[in-house]
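Right, one structure below, let's go through it.
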Amino acid sequence: MGRWVFLNGEYVPQAEAKISVFDHGFLYGDGVFEGIRAYSGRVFKLTEHVSRLYDSARGISLDIPLAPSQIEEAVVALVRKNELHDAYIRLVVSRGVGDLGLDPTKCPRPQVIIIADTISIYPEQLYETGLEVATSSVRRNDPCALDPRIKSLNYLNNILAKIEANTVGVPEAIMLNGQGHVCECTGDNLFIVKRGVLITPPTWIGILEGITRDAVIECAKEELVPVQENIFTLFSVYASDECFLTGTAAEVIPVTKVDGRVIGDGKAGHITRRLIARFREYVKREGVSTAVYEP
Ligand code: PMP
């Protein structure tokens, strides 16, 4: 089905939503983006996603030509216009059209694009059996070079790791930083559980500060599970009792095998299960409604 796309303030049919080949988002990956979910007509953590978009934009000195409230309104309007109930929303702000040099000052007009579509997710069975993942030889971008907290249009670092995952036939790859500390996966944050404590790498070591990561930390607090943000190496993952990934698309998904080692008893752990259940409750009640207000 053809959908509507928000393109610089206009709603245009998908087939007509086009961007110039001179856009620096295309030529250089110069821009920022967000991936957001709507559940049963509610956009989950919309304000948090829009706020992260603005933080990313500040990180690359990009002025978004709309106010955060206008972006939020456009997201809600687009989901409604596309008659979507459960949706995946992609927000993109690119540097805009410039010349063939990389100077961003030659790009006077950043482009704001919002796409809302259905989402393809992991099969439900994997939330029981867990994923197998492998460690990539590709190190996560050094925050001193390109901080992974900037959700930029340049995802080659992650794509290179994804290619390795594909090569060994697993759906996700763990990425380490230059010092060998566990960072995150190509499109998900990573958590381990050891002796009842939930542990995840701190954001400063070079990871995206995932919105789902934050939501799961909230869920853990409600479940009275102690949470630590600590650096650790692969040994801690191999020796963990439980491991899981978090992300807007994957939600909370168990990991039961890492680099050929079985994690815990090889099944989704009991704290992981509790967090999956609590997160699923959370997405039902939190979120900005896309329903039209009818008095
Ligand atoms: N890390 C990376 C590299 C990602 O691309 C994503 C997905 N946006 C995440 C973590 C998870 O972030 P979130 O929970 O905000 O989707």
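First listed ligand is number 1; within each ligand, the first listed atom is number 1.
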Measure the spacing between [atom1] of [X] and [atom2] of [Y] and express it to the nearest 0.5 Å.
{"X": "S152", "Y": "L62", "atom1": "OG", "atom2": "CG", "answer": "11.0 Å"}
{"X": "E281", "Y": "C219", "atom1": "CD", "atom2": "SG", "answer": "10.0 Å"}
{"X": "N82", "Y": "Q14", "atom1": "CG", "atom2": "CD", "answer": "8.5 Å"}
{"X": "L100", "Y": "D103", "atom1": "CG", "atom2": "CG", "answer": "12.5 Å"}

Report, in ascending order of atom number, the atoms of ligand 1 lying under 4.0 Å from any heavy atom of [X].
{"X": "N158", "value": "3 (C)"}
{"X": "G210", "value": "12 (O), 13 (P), 14 (O), 15 (O)"}
{"X": "E184", "value": "1 (N), 2 (C), 3 (C), 10 (C)"}
{"X": "Y155", "value": "2 (C), 3 (C), 4 (C), 5 (O)"}
{"X": "K151", "value": "5 (O), 7 (C), 8 (N)"}
{"X": "T248", "value": "13 (P), 14 (O), 15 (O), 16 (O)"}

| message | If only side-chain N and O atoms count, and only distance matters, is there a donor-acceptor pair under 3.5 Å linking Y122 with E172? | response |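 The criterion, which ignores hydrogens and geometry beyond distance, is not satisfied for Y122 and E172.
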
Review point. Is there a heavy atom in R140 that sits closer than 4.0 Å to ligand 1?
Key: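 Within the 4.0 Å threshold, so yes.
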
Note to self: For G187, state whether at least one heavy atom is located under 4.0 Å from any atom of ligand 1.
What the structure shows: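 Yes, G187 has heavy atoms under 4.0 Å from ligand 1.
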
Measure [X] to ligand 1 on non-hydrogen atoms and call it side chain, backbone, both or neither using the 4.0 Å cut-off.
{"X": "T212", "value": "both"}
{"X": "I207", "value": "neither"}
{"X": "E209", "value": "neither"}

Contact check: [X] vs ligand 1, nitrogen or oxygen atoms, below 3.5 angstrom:
{"X": "G247", "value": "no"}
{"X": "H49", "value": "no"}
{"X": "R52", "value": "yes"}

Query - Considering all heavy atoms, the nearest E223-L275 contact - result: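 Result for this residue pair: CG-CD2, 4.3 Å.
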
Using ring centroids (six-membered ring only for Trp), state whether Y282 and Y39 fall under 6.0 Å.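 Between Y39 and Y282, the centre distance exceeds or equals 6.0 Å.
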
**Request:** Decide, yes or no, whether a salt bridge links R213 with E229 under the criterion of side-chain N to carboxylate O below 4.0 Å.
**Result:** yes

Please check if atom NZ in K194 has more than 12 non-hydrogen atoms from other residues, nucleotides or ligands closer than 6.0 Å.
yes

